[in-house]
Amino acid sequence: MTAAVERNLMRLPPAQRAALVETNPLILLPVAAVEQHGPHLPVGTDALIADILLGGICRGLEPAEPVLIAPPLYIGKSNEHLGFPGVLSLGRDSLAALFQATLLQLRAWGFQRVAILNTHGGNTPCLRTLMREENLRGTVQLHWLDTQCPDTGLPPREQRQGLHAGEYETSILLATVPKDCAMELADCQWIGPENPDTAVQAESAPVTRAWHSRDLSPSGTMGDATRATAEKGRRWIDGAVQHLLHQIRTLP
Ligand SMILES: [Zn+2]
């Protein structure tokens, strides 16, 4: 994990941790997935991206800013990718139980403010629902962080249909762990027609339908991974980190 030692809850000496509780710190809870990312990216892509963002956040924070990183939940809800090799999915109920137990025990440690840093879209509906339930229970004060670079300049079709292992994610890994990318296998798979004439689409349409990755892309890629470059990745990581720092600093 690239998060700085002095912000990593797993590595803080007990006395230091006790002193930090007094500052009412914000706890970042990383959540990701282990699942296929096309023929060219590793199954830990979402977890790697969370780690890369956390590293950038730690470098961008001033030492006195009270922000700590919780042990990551890096196996998530990925059953939409089952059938492809390399998937480790908890499913919805197990992810919910893990999430709720983690929050309860962070509260028992004395922490009161938690922000979720999630890099896997498949976790989002489940975590969003759980956030509201935990809010009603009053376990901790919960926030949701937007982990995407807000201004990518991606082509419109990639923005609509580049859901997974496409230009965005591939560029981020090319910028940081190029040896993990098999670019000779990178491909382009669109999940629907460029200008759909029906309202029902997998995503980004007024009417969407339930889908399995297999229905959308034979290779598992959703988007155009062949357009990825390290230079774009560096720019988008920087944009995402600045966006996250702004959100972290404006949370109550
Ligand atoms: Zn991903």
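- Counting only distance, with no hydrogens or angles, the side chain of Arg113 and the backbone of Asn24 share a donor-acceptor pair below 3.5 Å.
- Two rings, from His212 and His81, have their centers 6.0 Å or more apart.
- Residues passing the side-chain hydrogen bond (donor to acceptor under 3.5 Å, both in side chains) test with Gln159, sequence neighbours excluded: none.
- Counting only distance, with no hydrogens or angles, the side chain of Glu158 and the backbone of Gly223 share no donor-acceptor pair below 3.5 Å.
- Residues Leu29 and Phe99 are in side-chain contact: their nearest non-hydrogen atoms beyond the backbone lie under 4.5 Å apart.
- Residues satisfying the ring pair (Phe, Tyr, Trp, His ring centres under 6.0 Å) test with His40, not counting sequence neighbours, are none.
- When the side chain to side chain contact (heavy atoms under 4.5 Å, CB included) test is applied to Val177, the partners found at least two apart in sequence or on another chain are Leu48, Leu173, Asp180.
- For the pair Leu145/Ile116, no side-chain contact is recorded, criterion being any heavy-atom separation below 4.5 Å from C-beta on.
- Under the side chain to side chain donor-acceptor pair (under 3.5 Å) criterion, the residue pairs touching residues 87-102 are Gln100-Glu134, with sequence neighbours excluded.
- Side chain of Thr45 to backbone of Pro42: a donor-acceptor contact under 3.5 angstrom is found.
- Hydrophobic clustering, with ILVMFWY side chains joined whenever heavy atoms are under 4.5 angstrom apart, groups Met131 together with Leu90.
- Remark: the backbone N or O of Glu80 is paired with a side-chain donor or acceptor of Ser213 at under 3.5 angstrom.
- A side-chain N or O of Thr124 and one of Asn118 form a donor-acceptor pair less than 3.5 Å apart.
- Considering only residues two or more places apart in sequence or on other chains, Asp146 meets the side chain to side chain contact (heavy atoms under 4.5 Å, CB included) condition with Gln148, His243, Gln247.
- Rounded to the nearest 0.5 Å, atoms CZ (Arg17) and CD (Glu22) are 12.5 Å apart.
- Here Glu6 does not pair with Arg11 in a salt bridge; the nearest charged N to carboxylate O distance is not below 4.0 Å.
- A donor-acceptor contact shorter than 3.5 Å is absent between the side chain of Lys232 and the backbone of Glu167.
- Proximity of a side-chain donor or acceptor of Gln161 to a complementary backbone N or O of Pro193 within less than 3.5 Å is detected.
- Counting only heavy atoms from C-beta outward, the side chains of Glu194 and Arg157 approach each other to under 4.5 Å.
- Across Gln189 and Pro218, no two heavy atoms sit closer than the pair OE1-CD, 3.3 Å.
- For Thr176, the side chain to side chain contact (heavy atoms under 4.5 Å, CB included) partners are Ile52, Ile237, not counting sequence neighbours.
- Using modelled atom types and a 3.5 Å distance limit, the side chains of Thr119 and Asp46 yield no donor-acceptor pair.
- The only option from Leu28, Asn8, Leu9 that meets the side chain to side chain contact (heavy atoms under 4.5 Å, CB included) definition with Leu68 turns out to be Leu9.
- Side chain of Thr221 to backbone of Cys188: no donor-acceptor contact under 3.5 angstrom is found.
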